[in-house]
Number of protein chains: 2
Amino acid sequence: MKNENILKAKGYKITRPRVAVLDLLTKQTKPLSVKEIFVKLKREHDLASIYRILKLLEEVEITFAEAIGGEKYYHLGKDQHHHIVCQKCGHVECLPCNHLFNKIKNFTNIKHQLTLTGVCNKCNNN
Amino acid sequence: MKNENILKAKGYKITRPRVAVLDLLTKQTKPLSVKEIFVKLKREHDLASIYRILKLLEEVEITFAEAIGGEKYYHLGKDQHHHIVCQKCGHVECLPCNHLFNKIKNFTNIKHQLTLTGVCNKCNNN
DNA sequence: ATTCTACTTGCAAATGATTTGCAATTGTGT
DNA sequence: ACACAATTGCAAATCATTTGCAAGTAGAAT
């Protein structure tokens, strides 16, 4: 199902800023920070609205977010893939599994972090 | 080498707050947020100092940090292991590889994020 | 043990990311 | 085109983190 239809199906309106964010994310090959999205959309939309839109898109599972160095980065889609981030300049690249070892050659001093999230027992019970 | 000696060897002083943070981290079995460290130390030390201490400890590789949902969590040591985080309450558990599948049984709706960090080509060249 | 000095801390204020309240605006069904 | 609820834009609040600076303290020298 097309992303806009997912929104519509759940009763959300198709608004200019939402379309703008979706269209922008569709073109990306790497995750964007909220600020980057704001700027790439030429500051035509309110930053707070972009935050709200991204949170909504995350809730309906059109996008997903990752915390990289104190900032959230957003992505379309659910296909699992990963990232490699420069410790100095913050440059981010996507890391589909089959490219992993090629990309890694371009970095030194490699470290990794794996974080799983789920819903814990306690939260499942109330 | 003992952690305090690592500091001393690099010319840093062994101060009350630094010892307090190190001692606290030594007792933990899970990563702590800065706020948690501040509270567990009974607010006896300045929050800004704790930030500075943790940043220092990270630089000299006594601790390492991970961004979990917009907040940094700190750990002693370099041994690689991972975390599972409740999406609702933020509860964090450590995930040594050999325990991975046991822990996962206590969570539902599991997703994962792998982030590698390194130093990229550009940063290596200047 | 006392003094000296540079490194550290504590406090307050700044910064950066994100959230929230609210009035004005705008999709969407009728 | 109308009406209403959902959504946006703006401003102000909040939360994590950083920074400037004066006062305090660890550790070397005396």
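Predicted model, so just to flag it, every value in this text is computed and none were measured. Values reported hereafter were calculated over all heavy atoms of this structure, with side chains retained and with hydrogens, waters and symmetry mates removed. Chain letters run A, B, ... following the sequence lines, proteins first, then strands; residues in each count from 1.
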Heavy-atom side-chain proximity of [X] to [Y] below 4.5 angstrom:
X	Y	result
A:V60	A:Y12	yes
B:E58	B:Y74	yes
B:I50	B:L54	yes
A:I53	A:I37	no
A:L22	A:L7	yes

Expressed as a whole number of angstroms, how long is the span from [X]:[atom1] to [N]:[atom2]?
X	N	atom1	atom2	result
A:L7	C:dG27	CG	C1'	13 Å
A:K35	C:dT15	NZ	P	13 Å
B:R43	C:dC11	CZ	C1'	16 Å
B:I53	C:dC7	CD1	P	17 Å
A:L54	C:dA17	CG	C1'	13 Å
A:F38	C:dT18	CZ	P	13 Å
A:E44	D:dG9	CD	P	10 Å
B:R18	D:dA26	CZ	P	11 Å

Show which side-chain atoms of residues 29-36 of chain B pair as donor or acceptor with protein atoms under 3.5 Å away, not counting sequence neighbours.
from, atom 1, to, atom 2, distance (Å)
B:S33, OG, B:E36, N, 3.1
B:S33, OG, B:E36, OE1, 3.4
B:E36, OE1, B:S33, N, 2.8

Quiz item: Who passes side-chain contact (heavy atoms from CB on, under 4.5 Å) against B:R16, sequence neighbours left out?
Solution: none
Exercise. Please list, chain by chain and in numerical order, all residues satisfying side-chain contact (heavy atoms from CB on, under 4.5 Å) with B:A20, sequence neighbours excluded.
Key: B:L41, B:H45
Practice problem: Return no unless some side-chain N or O of A:K55 is found under 4.0 Å from OP1 or OP2 of C:dT19. | Solution: yes
Exercise. Estimate the overall bend of the helix from C:dA1-D:dT30 to C:dT30-D:dA1 from the end axes over five pairs each, rounded to 10 degrees.
Key: 40°
Table of protein N/O atoms under 3.5 Å from nucleotides 27-30 of chain D N/O atoms:
from, atom 1, to, atom 2, distance (Å)
D:dG27, OP1, B:I14, N, 3.2

Practice problem: Look at the side chain of A:R18 and the backbone N and O of A:K13, then say whether any donor-acceptor pair between them is shorter than 3.5 Å. | Solution: yes
Exercise. Please answer whether the main-chain N or O of B:F38 pairs with a side-chain N or O of B:R43 as donor and acceptor at a distance below 3.5 Å.
Key: no
Practice problem: Using the side chain to side chain contact (heavy atoms under 4.5 Å, CB included) rule, pick out the option among A:L57, A:L24, A:N3 that qualifies with A:L76. | Solution: A:N3
Exercise. For DNA chain D, find the residues of residues 45-52 of chain A with a heavy-atom distance under 4.0 Å and give them by number; none if there aren't any.
Key: A:H45, A:D46, A:A48, A:S49, A:R52
